[in-house]
There are 2 protein chains.
Amino acid sequence: MDTLDRRNARAPRVTAAMVAARAGVSTATVSLVANGKTQGRVSDDNISRVRTAIAELGYVVDSIGSSLARGVSSIVILVTPDVSNPFFANVISGVRESLGPEYQLLLSVTDAGESPQADDVRKLLALRPAGLLVGAPSAQFLEDLSAAGPLVLLDAPGLESYAPSVNLDVAQGARELARHLAASGHTHAAYVDGVTGTATFQLRREAFLEEASRCGLSVADGHVISTSIDVGAAAAAFADAWPDWQRAGVTAVVCGTDTHAYGVLQEARVAGVRIPDELAVAGFDDLPYSATSNPSLTTVHLPATPLGRKAGEQLKGLMEGLALDEPHVTLESTLVVRGSTA
Amino acid sequence: MDTLDRRNARAPRVTAAMVAARAGVSTATVSLVANGKTQGRVSDDNISRVRTAIAELGYVVDSIGSSLARGVSSIVILVTPDVSNPFFANVISGVRESLGPEYQLLLSVTDAGESPQADDVRKLLALRPAGLLVGAPSAQFLEDLSAAGPLVLLDAPGLESYAPSVNLDVAQGARELARHLAASGHTHAAYVDGVTGTATFQLRREAFLEEASRCGLSVADGHVISTSIDVGAAAAAFADAWPDWQRAGVTAVVCGTDTHAYGVLQEARVAGVRIPDELAVAGFDDLPYSATSNPSLTTVHLPATPLGRKAGEQLKGLMEGLALDEPHVTLESTLVVRGSTA
DNA sequence: CTGAAAGCGCTTACAG
DNA sequence: CTGAAAGCGCTTACAG
């Protein structure tokens with residue numbers, strides 16, 4: 001048996017019964033001590049006796065047994081349609097931060113762009129999560145999820161009736177962006193949208209289009225296209241559309257995400273389109289690279305980490321049985337002007 | 001009771017006993033059918049009877065109960081020091097892809113740059129994971145993890161004796177990079193490293209430095225600095241070091257990750273350092289934005305998705321009790337030359 | 001303050 | 001092919 005084999009053999013499990021035997025108490029007492037529920041229920045003597053045994057044996061409460069007995073696990077499930085979006089990495093960090101070490105974060109990811117189905121939900125609930133965090137869900141998904149326990153929605157505008165939520169005020173940034181472009185002298189713009197029918201994309205687009213028309217920046221019907229959230233896909237779509245747009249006098253392109261904008265920047269370089277002189281480009285998200293792209297990208301900053309942090313906080317409250325002071329929170333977005341439109 | 005309240009009430013759980021009662025069989029039979037272990041053990045009649053009851057009630061095997069009985073859960077834990085690194089988003093996608101729907105991916109994240117401790121390990125194991133995927137671990141961590149069940153290491157060069165692993169041949173790309181810079185006429189370079197003592201960073205640096213000295217590209221001792229994996233931190237460190245480097249005739253900077261390189265590019269723009277004319281910049285990773293940065297970034301391409309995919313495959317084999325044909329796999333890295341060094 | 005016991009939901013020898 | 005029963009490890013009324 002070589003090292004590899006040995007490592008794949010399981011270690012013998014230390015159980016509460018073993019601790020109890022060593023400390024000379026019952027497993028009930030061990031449970032009380034291990035969970036810190038000793039207040040007025042366990043003698044000081046037994047407490048220290050059990051603590052010693054726990055330390056000596058390296059006992060850790062088995063979360064499977066514990067979850068079964070309690071009826072709920074310590075797992076928090078984060079359901080998101082798109083982990084590969086770097087925006088989400090920061091959301092995850094924020095969630096972790098506020099959830100703390102007592103909850104385990106389980107990531108449920110569907111295939112790129114797909115939204116999770118009722119069937120997926122059932123499987124998730126079979127894990128008896130302590131709580132659920134759902135990003136950018138569809139109404140249908142939330143119907144399927146009914147009565148699932150503590151639940152907080154992230155970035156789910158318009159779905160406030162289903163659960164407490166933390167949203168981003170993307171419309172505000174979108175309007176700022178429209179005004180910025182109009183003020184810079186643009187009169188004809190185009191829009192590159194995400195394909196997923198996510199509500200936030202719709203909101204971004206509609207707020208932008210509305211404010212644009214209000215300030216004399218026109219966006220023709222045929223000048224709104226959509227692609228998956230992928231640099232290459234956006235580049236290809238832009239390559240396809242640009243000749244038309246150019247003929248029609250388009251001098252500004254707004255993208256639903258920075259990732260789309262990177263694709264446009266990339267293709268523009270290939271096609272020799274000068275940015276921002278010939279074409280202004282802007283996005284949404286303010287990913288960490290937008291400050292360094294070529295040129296640096298004007299974008300609507302969305303607070304990813306605070307979004308995750310706040311959602312985690314709210315969920316924690318729910319899991320602890322508290323009533324939320326403010327069940328619906330909206331975080332601000334702000335326009336960051338950089339080289340791509342300057 | 002308004003909608004929100006109702007949603008936070010748990011749905012009544014459908015158990016195997018309820019299915020058994022409805023189908024007129026024992027829970028043992030329900031278990032066999034639900035797990036597809038009917039082969040020669042359950043009559044066709046009972047199979048269809050149970051299937052009908054399962055469908056009618058919407059029964060899903062409770063994974064807590066199941067895990068306790070089996071002694072192992074369906075959870076696979078991915079331990080990684082840094083989710084916020086976009087490189088990892090792709091690794092995760094790859095893992096998900098190869099693991100398939102029967103395993104749940106649990107993310108264990110330590111605070112930025114911190115490596116997980118023995119104590120964290122115990123908590124993880126309390127979840128009775130079906131398997132563990134550990135990225136860029138320390139030897140100490142692997143010692144703590146001993147005998148933890150199926151385990152596959154990702155990006156853990158030099159630690160092959162602990163477990164099956166999937167590594168990246170970063171040295172090859174590092175050497176290509178050194179030769180590319182030397183061939184472009186550079187004679188003095190600097191290096192911006194990551195601060196975490198991760199083995200892959202050491203490998204990148206050493207392979208580069210070795211090959212550099214071999215081809216007449218000198219890197220002075222004081223010209224190797226290190227920062228956390230963060231655009232801002234790298235920018236600040238570069239700002240600090242550049243005057244010195246410039247005086248010493250440095251004309252090329254190699255960064256341990258693309259993220260570091262973005263910081264250098266950013267600061268270079270601020271400081272008016274012309275790239276690549278005055279200073280060539282290169283990184284490692286080939287993040288999706290490196291093709292669009294300003295200028296586009298020369299970098300050593302590391303296959304993130306295949307890394308995750310392969311590790312997931314290997315782990316799946318282990319969890320199914322198979323012997324791996326090839327316990328140690330190394331994926332190639334390749335230099336991608338772009339504008340920042342051209 | 002303490003422990004015996006029931007129960008969480010499932011799986012798996014075992015006897016038939 | 002089938003079901004009664006033991007057991008996975010824990011928590012929590014309950015009786016004392």
Side-chain angles (χ1 to χ4, degrees), chain A residues 10-50 53-54 57-75 122-123 125-130, chain B residues 10-50 53-54 57-75 122-123 125-130:
Chain A
R10 308 252 171 196
R13 184 166 296 281
V14 178
T15 66
M18 293 162 68
V19 175
R22 184 173 194 111
V25 300
S26 70
T27 58
T29 301
V30 171
S31 175
L32 258 12
V33 174
N35 291 295
K37 298 182 178 171
T38 53
Q39 194 63 276
R41 324 238 248 122
V42 184
S43 66
D44 286 352
D45 192 40
N46 273 348
I47 293 180
S48 72
R49 208 189 224 68
V50 171
I54 286 179
L57 296 174
Y59 171 70
V60 176
V61 177
D62 182 79
S63 73
I64 300 289
S66 172
S67 300
L68 187 58
R70 285 187 209 264
V72 64
S73 74
S74 59
I75 291 174
R122 288 224 193 81
K123 275 193 192 151
L125 297 185
L127 290 166
R128 305 229 203 153
Chain B
R10 307 254 172 197
R13 184 165 296 282
V14 177
T15 67
M18 293 163 68
V19 175
R22 184 173 193 111
V25 300
S26 71
T27 59
T29 300
V30 172
S31 175
L32 259 13
V33 174
N35 291 296
K37 296 182 179 171
T38 53
Q39 193 64 279
R41 324 238 250 122
V42 184
S43 65
D44 287 351
D45 192 39
N46 274 347
I47 293 179
S48 71
R49 207 190 225 65
V50 171
I54 286 179
L57 297 174
Y59 172 70
V60 175
V61 177
D62 182 79
S63 73
I64 300 287
S66 172
S67 300
L68 186 58
R70 287 187 208 264
V72 64
S73 75
S74 59
I75 291 174
R122 288 225 193 82
K123 275 194 192 151
L125 297 184
L127 290 167
R128 306 232 202 149

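Note that these values count all heavy atoms, side chains included, but never hydrogens, waters or copies made by symmetry. Within every chain, numbering begins at 1; the chains are lettered A, B, ... in the order of the sequence lines, protein sequences first and strands thereafter.
Of all heavy-atom pairs between B/Val30 and B/Tyr59, the closest is CG1-CE2, 4.3 Å. Among all heavy-atom pairs drawn from B/Ala34 and B/Val61, the shortest one is CB-CG2, 3.7 Å.
Nucleic acid contact for A/Val30: none, since no nucleic acid atom lies under 4.0 Å from a heavy atom of the residue.
The CG atom of B/Leu68 lies 9.5 Å from the OG atom of A/Ser67; values are rounded to the nearest 0.5 Å. For the atom pair CD1 of B/Ile75 and OG of B/Ser63, the computed distance is 6.5 Å after rounding to the nearest 0.5 Å.
For A/Ala69, there are no side-chain contact (heavy atoms from CB on, under 4.5 Å) partners, not counting sequence neighbours. Residues passing the salt bridge (charged side-chain N to carboxylate O under 4.0 Å, His left out) test with A/Arg22 are A/Glu56, sequence neighbours excluded. B/Ser66 is linked by a side chain to side chain donor-acceptor pair (under 3.5 Å) to B/Arg70, counting only residues two or more places apart in sequence or in another chain. Not a single side chain to side chain donor-acceptor pair (under 3.5 Å) links A/Thr15 to another residue, sequence neighbours left out. For B/Thr29, the side chain to side chain donor-acceptor pair (under 3.5 Å) test picks out B/Ser26, with sequence neighbours left out.
Less than 4.0 Å separates DNA chain D from at least one heavy atom of each of the following residues of residues 14-21 of chain A: A/Thr15, A/Ala16. Applying a 4.0 Å cut-off to non-hydrogen atoms, none of the residues of residues 39-48 of chain A approaches DNA chain D.
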Residue pair B/Ile64, A/Ser73: steps toward the side chain to side chain contact (heavy atoms under 4.5 Å, CB included) verdict: CA-CA 8 Å; B/Ile64 300 287; A/Ser73 74; 4.2 Å; yes

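With DNA chain D read from its 5' end, the first of the two nearest nucleotides for B/Val25 and B/Arg70 is the one closest to B/Val25.
A nucleotide of DNA chain C counts as in contact with chain A when one of its atoms lies under 4.0 Å from a heavy atom; the first and last such, 5' to 3', are C/dC1 to C/dG9.
Taken together, the paired segments of DNA chain C that extend over three or more consecutive Watson-Crick or G-U pairs, each closer than 3.5 Å at both contacts, are C:1-3 with D:14-16, C:5-12 with D:5-12, C:14-16 with D:1-3.
Sorted by first then second residue, the side chain to side chain donor-acceptor pair (under 3.5 Å) pairs that include residues 39-48 of chain B, not counting sequence neighbours, are B/Asp45-B/Arg49. Judged as a salt bridge (Lys or Arg N to Asp or Glu O under 4.0 Å), the pairs with a partner in residues 57-69 of chain B (not counting sequence neighbours) are, in order, A/Arg128-B/Asp62, B/Arg13-B/Asp62. Pairs of residues two or more places apart, or lying in two chains, never qualify as salt bridge (Lys or Arg N to Asp or Glu O under 4.0 Å) while including a residue from residues 29-38 of chain A.
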